[in-house]
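Quick note on labels: first sequence line is chain A, next is B, and so on, each numbered from 1. Keep in mind that what you see is a predicted model, and the values were worked out from it rather than measured. Because only heavy atoms are used, hydrogens play no part in the values below, and waters and symmetry mates are left out as well, while side chains stay in.
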There are 2 protein chains.
Amino acid sequence: MVAERAGVSPSAVSRVFTPGASVSPKTEEKVRKAVAELGYRPNVLARAMVSGRSRIIGLVIAYLENQFYPEVLEKLSNALQAQGYHILVFMASSETGEIDEVVEQILDYQVDGIVLASVSLSSDLASRCQAAGVPVVMFNRFQDIDGLSAVTSDNAGGARRVGQFLIAGGHERIAYIAGWEGASTQRDREAGFRAALAEGGRTLFARACGNFEREPTAGAVRELFAGQEGDRPDAVFVAGDQMALFAMDVLRFELGLSVPGDVSVVGFDDVPSASWLSYQLTTVRQQAALMVERTVAALLSAIETPQAANPTHEAIEAPLILRASARVPEGWKT
Amino acid sequence: MVAERAGVSPSAVSRVFTPGASVSPKTEEKVRKAVAELGYRPNVLARAMVSGRSRIIGLVIAYLENQFYPEVLEKLSNALQAQGYHILVFMASSETGEIDEVVEQILDYQVDGIVLASVSLSSDLASRCQAAGVPVVMFNRFQDIDGLSAVTSDNAGGARRVGQFLIAGGHERIAYIAGWEGASTQRDREAGFRAALAEGGRTLFARACGNFEREPTAGAVRELFAGQEGDRPDAVFVAGDQMALFAMDVLRFELGLSVPGDVSVVGFDDVPSASWLSYQLTTVRQQAALMVERTVAALLSAIETPQAANPTHEAIEAPLILRASARVPEGWKT
DNA sequence: GTGAAAGCGCTAACAT
DNA sequence: ATGTTAGCGCTTTCAC
């Protein structure tokens, strides 16, 4: 249609819209004119059909209540948009069965790649993605399945630093509030934390599970602090900020304890509200921007050079951010 | 491919996947068998090309830091998924020029509909969408442009209730912190609030603009509370929860004031953190679930029956939620 | 109820 | 540098 208006062949039009194709200035001129007059825009879907590239990335995401994820979504979307890709979103709850179903749906859209944010995949479906030539990268989750790349924080390292920090701070009864036990982040954080305690000749004073959710976290706190003074933790490492914030609220307003006076609290994530004046949560930062950058890089390289398919696990450094919710050891250097 | 494996024509296969098409049990049987063996799944894009329906909804969204939006995104995505649609996300900053560009990109994907969350569109582009037969619904923004539907809260009504509540609470110096002046939500809330004051024979004691952002809000609070006691507001209505929460922090921790002892604070949105124990923010609730429901309904009806294209503006009731950040008038009934 | 044929809007060889 | 041809995977008349 544009073609005839411009008096050229369809291929000529196509070439005008293909960066790096050879068109004479004259032809280009004619085409651009027709395009402007008709308000023409290429049909991405038609292009996708024939070229096999849809420029769509499927994103499976859950836990949007956790502020970390909106931040990630925003950054991911922006980074991808900058490369001419767009995100098709799929909300998921955390059951693997459902995820598989959702990933099948994604595949139906002929996406060029898939990002799995904090959800796991069956190895069966992972291979189907591979078979379909669709690269998958796991974000903030690690799964040792062939062909899956992963980008996470250095969860163990970050958590280890928390352990050292708490020990150095002179805490005697150090507790841990776990996230959902099925999450690799939870496992790695706990492992790193326990390792640090062990290195310091300590063991966990108490442990409870908050499941990354509000009410379970409140329950975990009550459980941990049921005893008398001297029999209660004087420090708590919480596996996620969202939980840590709830925990602080329960500690202060329900149990009447002072943070960090009676008990130090340390979180993990560094969500925006961690820095709010009401909380001033000392926490381990997940460097969202960096994580996203690596995710996009891994994805695009897999898309553009499928043969160089060497799935990688990148663990981004996770620094401890000192604020006011935990006693700072004298002379502590970041 | 499935067709030959099943020994039938392509059309037969197509019919099996078309609800309500007439296929004999025998043929269906054969096709389903071949489908299972081959792990076949229909190509959504190919279907979209020929049918003209992509089952993709474009969503333009910004302000993901405001907790209200992740919530909306999640609900919207779920509701649409339930209807067999999926969301293609486009992040946008708030400049209209950029939005236009983004919407053009969306159109390139042959989306079946567009949801604009808190962004505005030029009337020019609005007509292009209409011309393309793509229904647009504005979410949480109202714009009086032909062909645009809108779903918002009853912002004026909700804000009016705040005014009445504050007056009834015996407040004498009532201030207002505005959001971004370009937003219809901001305008409607301010108008409703001022109307209530006027009805009560009052006027605004002071006004400052927080722009829906963190630092500007802190500045607004400092500005409002620069005077001596008795010369400062004893109540503040803040046009959004995110700002209200920041305001409370500044009031308490920077200015050393007590909320609600020295000053009552009321917000608008009812984001999750408004109910956290540290804040207990009295606020006006935007009923996200309802708003999303109406948005989906408007969208789908416009998609399925294009002729019945009567753009509507639905204003969802916005109830006042009483918590602890504002003095409650004696005998106040919700 | 089923198949044959045409075509959605575009790009990728292949000729020229 | 440009046009011609074929075809991506599907749905949709239209005959049968």
Side-chain angles (χ1 to χ4, degrees), chain A residues 1-35 38-56 84 104-112 131-134 303-304, chain B residues 1-35 38-56 84 104-112 131-134 303-304:
Chain A
M1 189 169 168
V2 184
E4 53 186 46
R5 171 87 168 213
V8 299
S9 76
S11 356
V13 179
S14 174
R15 281 189 266 260
V16 170
F17 284 96
T18 306
S22 54
V23 213
S24 74
K26 242 176 90 176
T27 312
E28 167 142 18
E29 168 66 30
K30 284 192 289 187
V31 172
R32 295 235 176 265
K33 186 155 171 287
V35 161
L38 269 41
Y40 168 87
R41 302 214 109 213
N43 179 329
V44 179
L45 265 32
R47 179 183 303 206
M49 276 220 61
V50 55
S51 70
R53 311 225 137 291
S54 61
R55 311 223 63 129
I56 298 178
E104 303 232 70
Q105 289 182 32
I106 299 191
L107 258 13
D108 296 347
Y109 280 89
Q110 313 300 113
V111 296
D112 289 346
V134 178
I303 291 172
E304 271 140 37
Chain B
M1 189 171 168
V2 183
E4 53 186 50
R5 171 86 167 215
V8 299
S9 75
S11 354
V13 179
S14 173
R15 281 189 265 262
V16 170
F17 285 96
T18 306
S22 53
V23 211
S24 74
K26 243 176 89 177
T27 311
E28 168 141 19
E29 168 67 30
K30 284 192 288 187
V31 172
R32 294 238 175 263
K33 185 156 173 286
V35 161
L38 268 40
Y40 168 86
R41 303 213 108 213
N43 180 329
V44 179
L45 265 34
R47 181 185 303 215
M49 277 220 59
V50 54
S51 71
R53 310 225 138 291
S54 61
R55 312 224 64 130
I56 297 178
E104 302 231 73
Q105 289 182 32
I106 300 191
L107 259 11
D108 295 348
Y109 280 90
Q110 312 299 114
V111 296
D112 289 347
V134 178
I303 291 173
E304 271 140 37

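Side-chain contact between A:Ile303 and A:Arg53 is present, with at least one heavy-atom pair separated by less than 4.5 Å.
In this model, the phosphate group of C:dG1 is approached by a side-chain N or O of B:Ser22 to a distance below 4.0 Å at OP1 or OP2. One finds a side-chain N or O of A:Ser14 lying less than 4.0 angstrom from the OP1 or OP2 phosphate oxygen of C:dT11. OP1 and OP2 of D:dT2 both lie 4.0 Å or more from every side-chain N or O belonging to A:Ser11. Remark: A:Thr27 is in phosphate contact with D:dT2, judged by side-chain N or O atoms under 4.0 Å from OP1 or OP2. Checking the phosphate oxygens (OP1, OP2) of C:dT2, a side-chain nitrogen or oxygen of B:Ser24 falls inside 4.0 Å.
Toward the 5′ end of DNA chain C lies the nearest nucleotide of B:Val23, the other residue of the pair A:Met49 and B:Val23 mapping further downstream. The 5' end of DNA chain C is approached more closely, in terms of each residue's nearest nucleotide, by B:Ala12 than by the other of B:Ala12 and B:Ser51.
Atom CG in B:Leu45 sits about 11 Å away from atom P in D:dG9, given to the nearest Å. The distance from atom CD of B:Glu4 to atom P of D:dG9 is 12 Å, rounded to the nearest whole Å. With rounding to whole Å, B:Asn43 atom CG is found 9 Å from D:dT11 atom P.
Out of C:dC10, D:dC10, C:dG3, the shortest distance to the side chain of B:Tyr40 is found at D:dC10. Considering only the side chain of A:Ala46, C:dC10 comes nearest among C:dA12, C:dC10, D:dT12. In the set D:dG3, C:dG7, C:dG1, the nucleotide with an atom closest to the side chain of B:Val50 is C:dG7. Comparing C:dT11, D:dA1, D:dT11 by their nearest atom to the side chain of A:Arg47 picks out C:dT11. The side chain of A:Arg15 sits closest to C:dA13 out of C:dT2, D:dC10, C:dA13.
Using a 4.0 Å heavy-atom distance criterion, A:Val13 is classed as making no nucleic acid contact.
B:Asn43 contributes atom CG, which lies 10.5 Å from atom CE of B:Met49 (distance to the nearest 0.5 angstrom).
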